[in-house]
Asks: 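Here it is: the structure, laid out below.
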Amino acid sequence: MSAEIDFYELLEVERTADDKVLKSAYRKLAMKFHPDKNPGCSDSEAKFKQINEAYACLSDPQKRAAYDRYGHAAFQQGGGGQGGGFGGGGDFGDIGDIFETIFGGAFGGGGRQQARRGADLRYDMEISLEDAFHGKDTEIAVEVSQKCDPCGGSGATPGTSARRCNLCGGHGKVRAQQGFFMVERACPNCHGRGEVIESPCKSCRGEGRVDAEQRLQVNIPAGVDNGTRIRLAEKGEAGPFGAPPGDLYLFLHIQRHKVFEREGTTLLTRCPISFTTAALGGEIEIPGLDGKVHAIEIPAGIQSGKQLRKRGAGMPVLQGRGVGDLVVEIHVETPTKLSARQKEILREFQATETGEECPQSKGFFERIKDAWTDLTE
């Protein structure tokens, strides 16, 4: 019997310990000797019972004062003028109540279940690169559970209301004795709600929500990218019995563009040029997503694969200031069909490369440029 052991020694605290110290000591020891952590150990079970008995006494100011004055005799029949018999369990109280207070439901405590929030939903949406550049306002249609209008989400027939559950008394949970322990479970009658609907709403069959199409206006800001997530608060699934709805999350996917590729805020494209432009230099024009035509200077002697950058012609920064760049990768095209004159000019060029004397080499670049202009026109 724990009556033979000093309660303060059981909890390993000084006699001057305050409530906070007592609670901390009890929590530590109860966790250590709890039978669930020591299955089949009778010594741990006995120690656990003694610890609960000690804390039930010392956590009550009146019982602690009596214990400090008379010791264990204060709770024995006829001892110290105190009746009731603590050792007999009349004032010991429910161990489940103690655990609920100390551990906050870690061992099955807790009261009536709170109405759970509706589920969050996901909606995948494809948009063009142009829409990602400029942003857009659009409308989407989503099939989702919504609050039942006739009953207002209560689940009860209009004009009626839910009543308190008789089985659990409105707590949402019931307790059952299993050996030494008091086990707490959700009430099988009200399923943890604490209320029972006797006359369910015919529209929602007592659930407080119905499936319906929801049309929503969505603003897609400029600069969004693949995987950008847009949250529409409380546009998800309605919670049961009038509980708050969840959120709807829009996940964006950018369609592949026929001209541009994207890396963050940088737009990339490939542009073919003639080998005369590559050799002599020039200028090309690239239509941008911003509706402008961007002039790109081609330096003389450029090689295939060289990238040229046009600053400020790329994608806008999402929810920020600034614009990315446009990067143009150059591809030099080799002609496959040549006229006799063009072949002659190329032979002159070949001769100048090998160092051979060629009387017609004077003014070669001007002639080759004119010849190629005639070919392309």
Side-chain angles (χ1 to χ4, degrees), residues 36 92-125 138-219 229-251:
D36 286 353
F92 177 72
D94 190 349
I95 291 176
D97 290 335
I98 298 174
F99 264 65
E100 182 175 329
T101 301
I102 299 299
F103 295 98
F107 291 91
R112 169 180 169 182
Q113 289 185 359
Q114 298 295 322
R116 67 181 184 274
R117 178 175 171 269
D120 292 336
L121 299 179
R122 171 175 177 149
Y123 184 93
D124 291 277
M125 182 178 184
T138 187
E139 183 181 76
I140 61 173
V142 184
E143 190 75 19
V144 63
S145 293
Q146 300 183 46
K147 183 172 70 173
C148 177
D149 289 332
C151 68
S154 69
T157 299
T160 67
S161 60
R163 64 166 177 81
R164 190 175 68 171
C165 177
N166 293 329
L167 182 60
C168 65
H171 294 291
K173 292 187 178 181
V174 293
R175 292 178 177 179
Q177 186 78 33
Q178 288 189 357
F180 174 72
F181 297 99
M182 187 70 69
V183 179
E184 195 172 65
R185 298 187 179 92
C187 176
N189 188 42
C190 66
H191 305 290
R193 289 189 61 217
E195 296 178 335
V196 176
I197 298 175
E198 293 183 327
S199 179
C201 171
K202 294 181 180 179
S203 297
C204 63
R205 299 179 181 179
E207 292 188 7
R209 53 185 180 177
V210 293
D211 291 336
E213 185 180 77
Q214 180 178 217
R215 303 192 74 85
L216 302 171
Q217 297 296 322
V218 179
N219 172 256
R229 187 181 72 171
I230 298 176
R231 173 176 173 261
L232 302 179
E234 298 187 349
K235 297 301 181 182
E237 189 175 78
F241 310 111
D247 299 330
L248 175 65
Y249 289 92
L250 228 65
F251 285 81

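The shown structure was predicted, so the numbers you read here are calculated from the model rather than taken from an experiment.
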Asks: With side chains defined as the heavy atoms from C-beta onward, is the minimum distance between P188 and V174 less than 4.5 Å?
Replies: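 SC-SC contact between P188 and V174 confirmed.
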Asks: Quick one: which residue pairs count as a salt bridge (Lys or Arg N to Asp or Glu O under 4.0 Å) with a foot in residues 155-167, not counting sequence neighbours?
Replies: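 Applying salt bridge (Lys or Arg N to Asp or Glu O under 4.0 Å) to every pair that reaches into residues 155-167, excluding sequence neighbours, yields R163-E198.
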Asks: First locate atom NZ of K202, then atom SG of C148, and finally report the distance between them rounded to the nearest 0.5 Å.
Replies: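 Between K202 NZ and C148 SG, I get 13.0 Å after rounding to 0.5 Å.
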Asks: Kindly write out the residues that satisfy side-chain contact (heavy atoms from CB on, under 4.5 Å) with K147, not counting sequence neighbours, or none if the list is empty.
Replies: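 Testing K147 for side-chain contact (heavy atoms from CB on, under 4.5 Å), a comparison that skips the adjacent residues, returns none.
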Asks: Could you give the distance from CG (L248) to CG (L232), rounded to the nearest 0.5 Å?
Replies: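 Taking CG in L248 and CG in L232, the distance rounds to 5.0 Å.
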Asks: To the nearest 0.5 Å, tell me how far Y249 OH sits from R231 CZ.
Replies: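 Answer rounded to 0.5 Å: 5.0 Å.
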Asks: Run the side chain to side chain donor-acceptor pair (under 3.5 Å) test against D124 and tell me which residues pass, sequence neighbours left out.
Replies: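 Side chain to side chain donor-acceptor pair (under 3.5 Å) check on D124 returns R122, H253.
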Asks: Working to the nearest 0.5 Å, report the span between OG1 of T138 and CD of Q217.
Replies: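 If I round to the nearest 0.5 Å, the distance is 7.5 Å.
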Asks: Less than 3.5 Å apart, which donor and acceptor atoms pair up between the side chains of residues 206-213 and the rest of the protein, not counting sequence neighbours?
Replies:
unit_1	atom_1	unit_2	atom_2	d
R209	NH1	E237	OE1	3.4
R209	NH1	A238	O	2.7
D211	OD1	S145	OG	2.7
E213	OE1	R215	NH1	3.3

Asks: Compare every heavy atom of A162 with every heavy atom of A156, then report the nearest pair and how far apart it is.
Replies: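 A156 and A162 have their closest heavy atoms at CB-N, 4.4 Å.
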Asks: Can you pull out every side chain to side chain donor-acceptor pair (under 3.5 Å) where at least one residue sits in residues 150-161? Sequence neighbours excluded, please.
Replies: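 Only T157-S199 qualify under side chain to side chain donor-acceptor pair (under 3.5 Å).
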Asks: In chain order, what residues pass the side-chain contact (heavy atoms from CB on, under 4.5 Å) check against P158, with sequence neighbours excluded?
Replies: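 If we apply the side-chain contact (heavy atoms from CB on, under 4.5 Å) test to P158, skipping adjacent residues, the hits are P150.
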Asks: Quick one: pull up CD in E195 and SG in C168 and give me the separation to the nearest 0.5 Å.
Replies: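 Answer for the CD-SG pair, E195 versus C168, is 9.5 Å.
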Asks: For D247 and G236, indicate whether the former's side chain and the latter's backbone hold a donor-acceptor pair under 3.5 Å.
Replies: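 Such a contact is absent between D247 side chain and G236 backbone.
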Asks: So, taking the atom named CD in E234 and the one named CG in D120, what distance separates them when rounded to the nearest 0.5 Å?
Replies: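 Spacing of CD (E234) from CG (D120) equals 11.0 Å.
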